[in-house]
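Worksheet: the structure to be examined is printed underneath.
If you read the sequence from its start, that first residue is 1, and numbering goes on from there. For the numbers below, each heavy atom of this structure counts, side chains included, while hydrogens, waters and symmetry mates do not.
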Amino acid sequence: MTGITDISALLLSRIRDVEDYPEPGVRFKDITPLLADPAAFTALTDALAGLCVRSGATKVVGLEARGFILGAPVAVRAGLGFIPVRKAGKLPGATLRQAYDLEYGSAEIEVHAEDLVAGDRVMVVDDVLATGGTAEASLQLIRRAGAEVAGVAVLMELGFLGGRARLEPALSGAPLEALLTV
């Protein structure tokens, strides 16, 4: 094994399945063992930073909350700025807010209005692509701020939830990169 196969095997070996969490019948993918392993966390950071550099990104957006854990070191490694996208009501000052639908109900995310500007190329980084709702809303926020979407990069895509199909129209041709698909 070499290259991406080695990285994939390393990352998969450090992701723990937790049965019946947060509710019966759900298999939760716990990335905390990966984060606790310096070699695995470094490999993940390097792989995601490489995607950012290849896309020509100028900034990284991390989605609350695990996207902060991954996005900040990725931005540092790639030499880019980091912008947190938070749940509504968590940021002081002027913000842009975007509502989106959940399976049952709705939610809102926001970003500081001045953190993204015309000319920025933004890579969205998160741990998991599930149904795609939060990622789709973040792409709308990025464009409303006048910036360009460089792509979306995630550690893991839960293919059976259909997030890629939901997200592809909003990507408008920008890449969606998942290091692992389960």
Exercise: identify the closest heavy-atom pair between Ala57 and Met123: CB-CB, 4.0 Å
Using the side-chain contact (heavy atoms from CB on, under 4.5 Å) definition, which of the options Leu63, Leu44, Thr45 pairs with Leu70? Leu44
State whether the side chain of His112 and the backbone N or O of Pro84 hold a donor-acceptor pair below 3.5 Å, judged by distance alone. no
Do the side chains of Val85 and Glu64 get nearer than 4.5 Å, heavy atoms only? no
Val149 versus Val122: any side-chain heavy-atom pair under 4.5 Å? no
At what distance, to the nearest 0.5 angstrom, does CD1 of Ile31 lie from CD1 of Ile69? 6.0 Å
Is there a path from Leu12 to Leu158 through hydrophobic residues (I, L, V, M, F, W, Y) whose side chains come within less than 4.5 Å of each other? yes
Side chain to side chain contact (heavy atoms under 4.5 Å, CB included) between Gln98 and Glu108, worked out: CA-CA 5 Å; Gln98 183 68 46; Glu108 293 181 317; over 6 Å; no
For a 4.5 angstrom cut-off between non-hydrogen side-chain atoms, does Val154 reach Val128? no
Can you check whether Cys52 reaches Val60 side chain to side chain, under 4.5 Å on heavy atoms? yes
What's the shortest heavy-atom distance between Lys59 and Asp120, and which atoms? NZ-OD2, 2.9 Å
Shortest non-hydrogen pair, Phe82 vs Ala75, comes out as CB-CB, 3.8 Å
Does a side-chain heavy-atom distance below 4.5 Å link Leu180 with Ser8? yes
State, with a plain yes or no, whether a side-chain heavy atom of Arg143 is found less than 4.5 Å away from one of Ser172. yes
From CG (Asp115) to CG (Leu96), nearest 0.5 Å: 9.5 Å
Thr95 side chain to Val111 main-chain N or O, any donor-acceptor pair under 3.5 Å? no
Is it true that Arg66 and Asp126 have a side-chain N and a carboxylate O under 4.0 angstrom from each other? no
Tyr100 and Thr134: side chain donor to acceptor below 3.5 Å: yes
In terms of hydrophobic clusters joined by side-chain contacts under 4.5 Å, are Leu51 and Leu10 together? no
Flag the pair Leu34 / Leu155 as yes when at least one side-chain heavy-atom distance between them is below 4.5 Å, and no otherwise. yes
Heavy atoms of Thr58 and Gly119 approach each other most closely as OG1-O, 4.4 Å
Quick check on the hydrophobic clustering: are Ile15 and Val26 connected, directly or via other members, by side-chain heavy-atom contacts under 4.5 Å? no
Salt bridge check: are Arg86 and Glu110 linked by an N-O gap of less than 4.0 Å? no
Using a strict threshold of under 4.0 Å (side-chain N to carboxylate O), is an ion pair present between Arg166 and Glu136? yes
Phe68-Val76 co-clustered via ILVMFWY side chain contacts under 4.5 Å: no
Distance-minimising heavy-atom pair for Ser106 and Asp101: CB-OD1, 4.1 Å
Over 12 non-hydrogen atoms of neighbours within 6.0 angstrom of CZ in Phe28: yes
Donor-acceptor pair, distance only, cut-off 3.5 Å: does the side chain of Arg144 make one with the backbone of Arg97? yes
Can you check whether Ser55's main-chain N or O pairs, donor with acceptor, with Arg121's side chain at less than 3.5 Å? yes
Side-chain heavy atoms under 4.5 angstrom apart, residues restricted to Ile, Leu, Val, Met, Phe, Trp, Tyr: same cluster for Met156 and Val74? yes
Testing the basics here: between Leu129 and Gly163, what is the closest heavy-atom pair and its distance to 0.1 Å? CD2-C, 4.0 Å
Taking C-beta and beyond as the side chain, do Val152 and Leu171 meet within less than 4.5 Å on heavy atoms? yes
